[in-house]
Amino acid sequence: MAEEISSSAASAKATTTTETKKKRHLWPLRWIPTSTGHIIAAEKRLLSLVKTPYEQERVNIGSGPPGSKIRWFRSASNEPRFINSVTFDSKEGSPTLVMVHGYGASQGFFFRNFDALANHFKVIAIDQLGWGGSSRPDFTCKSTEETEAWFIDSFEEWRKAKNLSNFILLGHSFGGYVAAKYALKHPEHVQHLILVGPAGFTSETEHKSEWLTQFRATWKGAIINHLWESNFTPQKLVRGLGPWGPDLVRKYTSARFGSYSEGSMLTAEESTLLTDYIYHTLAAKASGELCLKYIFSFGAFARKPLLHCASEWKVPTTFIYGFQDWMDYRGAQDARKNMKVPCEIIRVPQGGHFVFIDNPSAFHSAVFYACRK
């Protein structure tokens with residue numbers, strides 16, 4: 001009997017050892033866990049750098065536009081969806097400034113701006129549907145029109161839930177594209193439009209890029225173009241790397257906002273907290289990111305360029321670009337020729353595409369100047 005127990009114990013020990021070895025062997029394949037809870041927690045850690053008190057809330061936008069059979073978006077689920085928002089304390093009577101992030105980002109990217117802007121505005125920043133700490137429904141859009149509706153209509157439901165009107169709308173990069181399209185559809189709610197390094201003003205045809213045409217003809221270009229049309233996103237790479245994902249994000253953050261910064265570098269604490277935040281927002285469930293191929297063709301050229309809508313513009317607009325922004329400010333110059341509303345273009349020195357991180361003080365001055373009236 002004693003020998004049987006001893007044998008069983010040895011067998012159990014051997015099994016445990018084998019399982020432990022298997023777990024160690026499989027460790028590289030396991031992902032660093034993330035979730036909405038992880039994202040909100042990382043957001044709070046990042047926003048601990050901001051001195052202005054704020055309120056974080058997830059605003060219920062329902063299951064889809066009222067009176068429509070469309071749920072967010074054409075999914076079978078009728079569960080409510082939420083837009084993650086942060087609202088900063090401000091002086092009573094301050095104008096409202098709503099801030100919309102760009103592709104692959106979320107509202108925490110404005111962490112260097114909230115204090116300065118909250119001295120002059122009631123600042124509200126959001127995570128667009130399918131990004132950051134907002135709900136991430138299955139992305140089932142199949143056209144540019146549906147994809148634009150995903151972002152424009154969800155933003156409008158958020159506006160209704162917050163009971164907002166007559167606000168200043170600021171959008172960065174892809175968020176600038178969404179903000180502009182929203183203002184075209186709902187101009188009655190937008191007092192002033194501020195587009196920061198906005199994407200989507202010109203198409204590939206208008207740009208006539210010889211370099212892009214030649215690159216696409218190479219085998220590397222053909223592969224990348226195929227990945228683009230297959231909707232392979234940068235986020236998929238981060239998820240696919242599993243536990244090595246955070247290291248890739250860390251290298252990107254250190255390079256872009258450190259050694260290759262166009263302006264003021266991030267401090268060690270800022271870099272650490274931003275890296276953690278970016279990782280969790282990128283590694284979470286794919287949703288809004290899948291808009292990429294429907295809005296842009298390879299090379300980030302718009303399939304439905306804003307330039308074509310310039311004559312329909314109804315809201316006074318200010319464009320803000322960093323001097324080193326890879327987004328071409330000449331698209332705004334071309335659009336301005338056809339606009340029938342006040343429009344100005346401001347270029348900020350020592351700033352790239354993330355001018356509000358690169359040179360925050362000059363960026364704030366540009367925003368204040370834009371809203372001087």
Side-chain angles (χ1 to χ4, degrees), residues 83 85 94-103 105 107 109-110 113-114 117 120-128 148-149 151-160 162 164-202 295 302 304-322 325 327-348 351 353-356 363-373:
I83 296 289
S85 312
S94 297
T96 300
L97 173 66
V98 177
M99 306 181 74
V100 183
H101 63 83
Y103 184 87
Q107 54 83 6
F109 273 63
F110 296 115
N113 315 119
F114 291 137
L117 296 178
H120 297 80
F121 307 98
K122 177 184 178 181
V123 176
I124 308 176
I126 70 163
D127 289 333
Q128 296 192 70
E148 288 183 354
F151 296 106
I152 294 169
D153 292 350
S154 61
F155 182 85
E156 172 62 2
E157 293 310 307
W158 172 85
R159 183 202 64 78
K160 290 177 183 176
K162 292 289 288 181
L164 292 174
S165 63
N166 201 33
F167 53 89
I168 301 161
L169 180 57
L170 182 152
H172 170 243
S173 193
F174 171 67
Y177 178 89
V178 172
K181 292 281 185 171
Y182 176 84
L184 283 163
K185 187 173 182 179
H186 301 284
E188 67 278 9
H189 301 306
V190 183
Q191 181 181 6
H192 193 91
L193 188 61
I194 302 177
L195 304 180
V196 184
F201 264 86
T202 55
I295 299 294
K304 288 187 173 295
L306 289 167
L307 183 60
H308 296 176
C309 310
S311 62
E312 304 167 30
W313 230 257
K314 298 180 178 67
V315 177
T317 302
T318 300
F319 296 91
I320 300 176
Y321 291 88
D325 196 333
M327 286 292 179
D328 194 343
Y329 71 96
R330 288 174 293 186
Q333 285 183 327
D334 291 338
R336 182 169 59 177
K337 296 173 185 176
N338 297 316
M339 288 183 181
K340 300 179 180 66
V341 293
C343 172
E344 56 191 357
I345 300 171
I346 302 173
R347 298 184 69 201
V348 177
H353 190 50
F354 292 95
V355 59
F356 47 89
F363 170 74
H364 302 150
S365 295
V367 173
F368 300 149
Y369 181 79
C371 301
R372 63 195 180 278
K373 297 180 182 179

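Note: His120 and Phe368 have tilted aromatic rings, judged against thresholds of 30 and 60 degrees for the angle between ring planes.
No donor-acceptor pair closer than 3.5 Å links the side chain of Gln128 to the backbone N or O of Val100. In this structure, the side chain of Arg372 engages the main chain of Tyr369 through a donor-acceptor pair within 3.5 Å. In terms of modelled atom types and a separation under 3.5 Å, the side chain of His172 and the main chain of His353 share a donor-acceptor contact.
The residues Lys373 and Glu344 are annotated as not salt-bridged, no charged nitrogen and carboxylate oxygen being separated by less than 4.0 angstrom.
Phe110 and Phe356 have their aromatic ring centers within a separation under 6.0 angstrom. Side-chain rings of Phe174 and Phe151 approach one another, their centers coming within less than 6.0 Å.
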Side chain to side chain contact (heavy atoms under 4.5 Å, CB included) for Cys371 and Ile194? Distances and angles first, verdict last.
CA-CA 9 Å; Cys371 301; Ile194 302 177; 3.8 Å; yes
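Taking every heavy atom of both residues into account, Met327 and Ser173 meet most closely at CE-OG, 4.1 Å. The two residues Ile320 and Ala366 have their closest heavy-atom pair at CD1-CB, 3.8 Å. Minimum heavy-atom separation, Leu306 to Ala199: CD1-O, 3.8 Å.
Exactly one of Asp325, Ile346, Val196 qualifies for a side-chain contact (heavy atoms from CB on, under 4.5 Å) with Val355. That residue is Val196.
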